[in-house]
Amino acid sequence: MVRVRYAPSPTGTLHIGGARTALFNYLVARHFDGQFVLRVEDTDQSRQIPGSEQAMMHGLKSLGIEWDEGPDRNDGPYGPYRVSERLGQHRAMADRLLAEHKAYRCFCTPEQLAQDRENRAAQGLPPRYSGRCRTLTTQEVQARSGERFVVRLKVPSEGETVVHDLIRGDVRFDNRVFDDFVIMKPDYTPVYNFAVAIDDYDMRISHVIRGEEHLSNTPKQIFVFEALGLPIPQFAHLPMILAPDRSKVSKRHGATAVEEYRDQGILLPALANYLLLLGWSSPNGEEILTLSEAIATFTLDRVQHTAAIYDQKKLEWMNHQYMTRLSVHEIAQSVRPFIDYPLTEGPDFEAVVDLSRERAVNLVQLAEHMRFFYEAPSRYESKGVAKHFTDQTADLLDAVAKRLKTVTPWDHDHLVQVYDDTAAALNVKRAALIHPTRLAVTGRTVGPGLFELITLLGRDAVVERINTAQNLIRRHQIPTVD
RNA sequence: GACCCCAUGGUCUAGAGGCCUAGGACAUCACCCUUUCAAGGUGGUAACCCGGGUUCGAAUCCCGGUGGGGUCACCA
């Protein structure tokens with residue numbers, strides 16, 4: 001039975017790196033008909049940020065990632081799913097290790113430790129615990145029972161520890177590089193490397209799939225499993241996601257949280273698809289995959305070993321793919337929050353969305369492109385004004401408007417006819433009519449095809465806007481923008 | 001610094017010794033289409049980090065170098 005988990009610490013929102021890790025875990029679980037558990041790593045209460053657990057879960061859900069067991073439903077068979085609520089088990093294990101002399105109390109003060117480190121640094125040695133308290137006798141420990149202490153695990157001083165990594169193969173570590181690390185803090189709460197091992201075992205996690213930054217710490221967790229006589233899960237360390245400058249992604253690189261991407265108008269399914277491609281490729285080279293397609297084809301052996309640099313441009317391209325492929329209804333729902341103008345009067349909303357979506361790379365842009373359908377332009381693009389709003393065009397617009405007033409029915413083909421006829425009558429090219437009309441009606445020089453656009457906008461609005469523009473042109477009082 | 005991981009165009013990647021004069025996607029450039037802009041179509045520029053091996057043959061295997069990343073907490 002495949003059981004995987006995503007174990008974030010509740011210290012902020014869902015980061016793209018975490019989202020990718022969660023996604024891969026989710027895909028493995030679903031692919032193998034296993035379970036995906038969500039566990040909140042809140043070992044250190046002091047570093048928690050209120051509300052981040054909710055934010056994180058919301059982020060996951062919006063990406064389409066669902067878990068079978070987690071802190072929101074603490075009724076799973078292996079709960080609780082908040083590490084802070086599993087303290088009893090951690091303490092019991094620490095007690096056991098102490099009783100079996102596989103761990104020991106360390107009374108060294110932070111000051112002493114700092115001093116040790118300095119001394120070693122002076123000699124050019126790596127910072128490692130001296131083992132001062134390892135050999136304390138039972139009597140000595142008894143005698144100091146009132147003192148502040150931590151618990152350290154006895155780590156083998158020779159031999160090697162091998163991490164069998166599903167992605168990288170066997171990774172060997174010389175045990176001499178590890179010291180007796182702390183497993184319980186002075187308040188008798190566990191340190192991460194101790195708690196994860198116990199929790200992963202307790203939750204019967206079969207595959208630990210996480211970011212590469214955890215690879216170096218894996219031997220420590222293996223020491224815990226071994227000391228406790230527990231089976232060791234399979235490991236798979238995912239390559240990291242880096243910023244364009246090859247550094248870790250951080251706020252200074254723009255959006256990093258899935259929530260921010262959503263605010264930028266990125267569709268979450270597009271984000272998920274993009275993240276899927278960061279470190280994984282489908283066997284047939286397909287890049288646009290639905291979640292269920294990904295579940296069907298995803299396997300860890302196709303995961304890349306190299307860190308990936310995320311590329312905003314490709315994300316936008318991916319987003320555009322989803323803008324045009326998703327149903328109009330879905331896009332309409334998604335774009336609503338970005339609209340800051342009243343929709344009370346104007347054409348059918350979904351029709352407008354459908355006509356405009358192909359030209360926008362994100363929802364913010366889409367909302368902006370749709371604006372003129374609901375608000376008459378108050379300013380006109382200066383570039384277009386110089387080109388299309390001349391004294392002569394006022395007359396052209398006048399001629400067009402006259403015919404538009406009476407044409408029936410008001411549909412695409414008849415409107416084309418109006419422009420063709422007018423152009424012929426005035427002996428100008430059709431384009432000489434089209435461009436000024438677009439500018440008069442939308443205020444812009446770019447947009448959907450003119451005939452589709454005015455068909456949708458309707459006779460009254462079109463004629464009115466053309467008249468407005470005409471007057472402005474004649475009075476040479478054209479408000480411009482850009 | 002020590003240890004660990006990694007190394008194909010600007011970016012994401014395909015490639016598991018001959019199928020590679022290295023394929024796809026994004027980006028970029030040009031052209032076509034066209035009422036504009038997108039989209040679309042066609043074509044172009046652009047990569048196997050370096051050096052040694054192994055082999056008849058290496059992007060693919062081995063070693064070394066270089067470069068990048070990660071980890072070394074009483075953080076997670």
Side-chain angles (χ1 to χ4, degrees), chain A residues 7-11 41-44 46-48 83 106 108-110 113 117 121 124-129 148-152 163 165 167-169 171-174 176-179 181-187 189 191-193 195-196 211-220 237 239-240 242 244 246-248 274 277-288 301-302 304-318 320 324 356-361 365 369 384 387-388 416 419 429-435 437-439 442 444-451 453:
Chain A
S9 63
T11 51
E41 212 68 40
D42 59 348
T43 314
D44 187 344
S46 63
R47 295 181 76 239
Q48 285 181 57
V83 175
C106 170
C108 297
T109 62
L113 263 17
R117 249 186 293 259
L125 294 169
R128 264 201 278 286
Y129 177 60
R148 193 194 97 113
F149 70 90
V150 297
V151 178
R152 288 181 185 271
V163 177
D165 192 279
I167 294 172
R168 284 149 218 284
V171 182
R172 329 186 85 88
F173 294 83
D174 188 328
R176 283 173 299 192
V177 310
F178 300 98
D179 61 1
F181 60 94
V182 173
I183 56 174
M184 294 296 273
K185 303 179 206 177
D187 61 357
T189 60
V191 144
Y192 173 77
N193 283 312
V196 247
E212 196 193 318
E213 66 269 26
H214 290 281
L215 181 54
S216 298
N217 280 323
T218 306
K220 293 185 183 177
H237 289 93
M240 306 205 40
L242 267 26
R246 304 200 62 80
S247 70
K248 246 177 165 171
Y274 176 69
L277 262 29
L278 242 36
W280 182 81
S281 59
S282 72
N284 61 8
E286 203 63 57
E287 297 208 315
I288 310 287
D301 58 287
R302 291 194 65 82
Q304 190 76 5
H305 297 186
T306 323
I309 295 171
Y310 87 91
D311 179 17
Q312 182 74 17
K313 280 277 177 38
K314 185 147 186 178
L315 206 212
E316 279 170 6
W317 168 80
M318 182 68 77
H320 181 258
T324 54
S356 310
R357 60 170 162 169
E358 190 173 284
R359 268 160 270 258
V361 295
Q365 215 176 74
H369 288 179
K387 226 168 166 180
H388 307 300
V416 172
Y419 276 76
K429 284 191 190 164
R430 198 170 72 170
L433 268 27
I434 289 174
H435 294 299
T437 306
R438 175 189 300 286
L439 189 60
T442 71
R444 313 197 48 176
T445 57
V446 300
L450 183 75
F451 303 112
L453 185 168

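Checking side-chain atoms of H305(A) against main-chain N and O of I167(A) turns up a donor-acceptor pair under 3.5 Å. A donor-acceptor pair is defined here as one N or O able to donate and one able to accept, closer than 3.5 Å; no such pair exists between the side chain of R148(A) and the backbone of P186(A). N217(A) places no side-chain N or O within donor-acceptor distance of the main-chain N or O of N193(A), the cut-off being under 3.5 Å. Listed for the Q365(A) side chain is a donor-acceptor partner under 3.5 Å among the backbone atoms of V361(A).
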Practice prompt. Report the C-alpha distance between Y310(A) and L278(A) in whole Å, list the side-chain angles of each, state the deciding distance to 0.1 Å, and finish with yes or no for side chain to side chain contact (heavy atoms under 4.5 Å, CB included).
Written response: CA-CA 7 Å; Y310(A) 87 91; L278(A) 242 36; 3.9 Å; yes

Item to complete: Check the pair C108(A), Y129(A) against side chain to side chain contact (heavy atoms under 4.5 Å, CB included), reporting the backbone distance first and the verdict last.
Response: CA-CA 10 Å; C108(A) 297; Y129(A) 177 60; 3.4 Å; yes

Worksheet item: Do K185(A) and D187(A) pass the salt bridge (Lys or Arg N to Asp or Glu O under 4.0 Å) test, and can you show the C-alpha distance, the side-chain angles, and the key distance before you say yes or no?
Response: CA-CA 5 Å; K185(A) 303 179 206 177; D187(A) 61 357; 6.0 Å; no

Item to complete: Please test T437(A) against Y419(A) for side-chain hydrogen bond (donor to acceptor under 3.5 Å, both in side chains), starting from the C-alpha separation and ending with a verdict.
Response: CA-CA 10 Å; T437(A) 306; Y419(A) 276 76; 3.0 Å; yes

Practice prompt. Could you please spell out the steps behind the side chain to side chain contact (heavy atoms under 4.5 Å, CB included) verdict for V446(A) and R438(A)?
Written response: CA-CA 8 Å; V446(A) 300; R438(A) 175 189 300 286; 5.9 Å; no

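Rounded to a whole angstrom, the distance from the P atom of G68(B) to that of A76(B) is 31 Å. Atom P of A59(B) sits at a distance of 28 Å from the matching atom of G43(B), rounded to the whole Å. C6(B) sits 15 Å from U13(B) when the P atoms are compared, rounded to a whole Å. With both ends at atom C1', the span from C26(B) to A39(B) equals 16 Å, rounded to whole Å. On the C1' atoms, G70(B) is 23 Å away from C74(B), given to the nearest whole Å. Nucleotides G24(B) and G44(B) are separated by 10 Å at their P atoms, to the nearest Å. Rounded to whole Å, the P atom of C62(B) lies 24 Å from the corresponding atom of A2(B). G57(B) and A46(B) have their C1' atoms separated by 28 Å, with the value rounded to a whole Å.
Residue-level contact check: E316(A) touches neither bases nor backbone, having no heavy atom under 4.0 Å from any strand. At the heavy-atom level, F173(A) lies under 4.0 Å from the strands shown only through sugar-phosphate atoms. Among the protein residues, G449(A) comes within range of the nucleic acid bases, having at least one heavy atom under 4.0 Å from a base atom. Nucleic acid contact for R302(A): sugar-phosphate only, since backbone atoms but no base atoms lie under 4.0 Å from a heavy atom of the residue. Nucleic acid contact class of L450(A) (heavy atoms, under 4.0 Å, all strands): base. Using a 4.0 Å heavy-atom criterion, one finds that T445(A) contacts the bases of the nucleic acid, with or without backbone contacts as well. Across all strands, G285(A) comes closer than 4.0 Å to no nucleic acid atom at all (heavy-atom distances). Heavy atoms of D174(A) sit nowhere under 4.0 angstrom from any nucleic acid atom.
Scanning all heavy atoms of the two residues, the minimum distance from A307(A) to L242(A) falls at CB-CD2, 3.6 Å. Between P10(A) and D42(A), the shortest heavy-atom distance links the atoms CG-CB, 3.8 Å.
Below the 3.5 angstrom threshold, one finds a donor paired with an acceptor across the side chain of R438(A) and the base of U35(B).
To the nearest angstrom, P of U34(B) lies 13 Å from CD1 of I434(A). If you take NZ of K313(A) and C1' of A27(B), they are 6 Å apart, rounded to a whole angstrom. One can place CD1 of I167(A) at 14 Å from P of C5(B), the figure rounded to the nearest angstrom. In this structure, R172(A) atom CZ and C3(B) atom C1' are separated by 15 Å, rounded to whole Å. In this structure, E287(A) atom CD and C12(B) atom C1' are separated by 7 Å, rounded to whole Å. Regarding I309(A), its CD1 atom lies at a distance of 18 Å from the P atom of A47(B), rounded to whole Å. For the pair D165(A) CG and C6(B) P, the computed distance is 9 Å after rounding to whole Å. Look at CZ on R430(A): it is 6 Å from P on U35(B), rounded to the nearest Å.
Base pairing of G57(B) is not made with any nucleotide, judged by Watson-Crick or G-U wobble geometry with both donor-acceptor distances under 3.5 Å. The partner of G1(B) is C72(B), by the rule that a Watson-Crick or G-U pair needs both atom distances under 3.5 Å. Pair assignment for C26(B): G10(B), on the basis of Watson-Crick or G-U wobble contacts that are both within less than 3.5 Å. For G64(B), the paired base is C50(B) (Watson-Crick or G-U wobble, both distances below 3.5 Å). Pairing of C31(B), defined by two Watson-Crick or G-U wobble distances under 3.5 Å, is identified with G41(B). For C20(B), there is no paired nucleotide, since no Watson-Crick or G-U wobble pair has both relevant distances below 3.5 Å.
Applying the side chain to side chain contact (heavy atoms under 4.5 Å, CB included) criterion to P126(A), with sequence neighbours excluded, gives R120(A), R128(A). Checked against salt bridge (Lys or Arg N to Asp or Glu O under 4.0 Å), R444(A) has the following partners two or more places apart in sequence or in another chain: E381(A). Shown here are the side chain to side chain contact (heavy atoms under 4.5 Å, CB included) partners of Q304(A), two or more places apart in sequence or in another chain: T306(A).
For the pair E287(A) and K314(A), the salt-bridge criterion is met [side-chain N within less than 4.0 Å of a carboxylate O].
Put simply, Q312(A) has no side-chain N or O that comes within less than 4.0 Å of OP1 or OP2 on U11(B).
With RNA chain B read from its 5' end, the first of the two nearest nucleotides for P448(A) and S282(A) is the one closest to S282(A). Taking for each of Y310(A) and V446(A) the nucleotide of RNA chain B with the nearest heavy atom, the 5'-most of the two is the partner of Y310(A).
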Fill in: B/S/- contact track for nucleotides 61-66 of chain B, protein heavy atom under 4.0 Å
------

Protein and nucleotides 38-45 of chain B: nitrogen or oxygen contacts under 3.5 angstrom:
from	atom 1	to	atom 2	distance (Å)
A38(B)	O2'	E358(A)	O	3.1
A38(B)	N1	E358(A)	OE2	3.3
A38(B)	N3	E358(A)	OE2	3.0

Nucleotide N/O of nucleotides 70-74 of chain B paired with protein N/O under 3.5 Å:
from	atom 1	to	atom 2	distance (Å)
G70(B)	N2	S216(A)	OG	3.2
C74(B)	O2	R148(A)	NH2	3.3
C74(B)	N3	R148(A)	NH2	2.0
C74(B)	N4	C108(A)	O	2.8
C74(B)	N4	P110(A)	N	3.4
C74(B)	N4	R148(A)	NH2	2.8

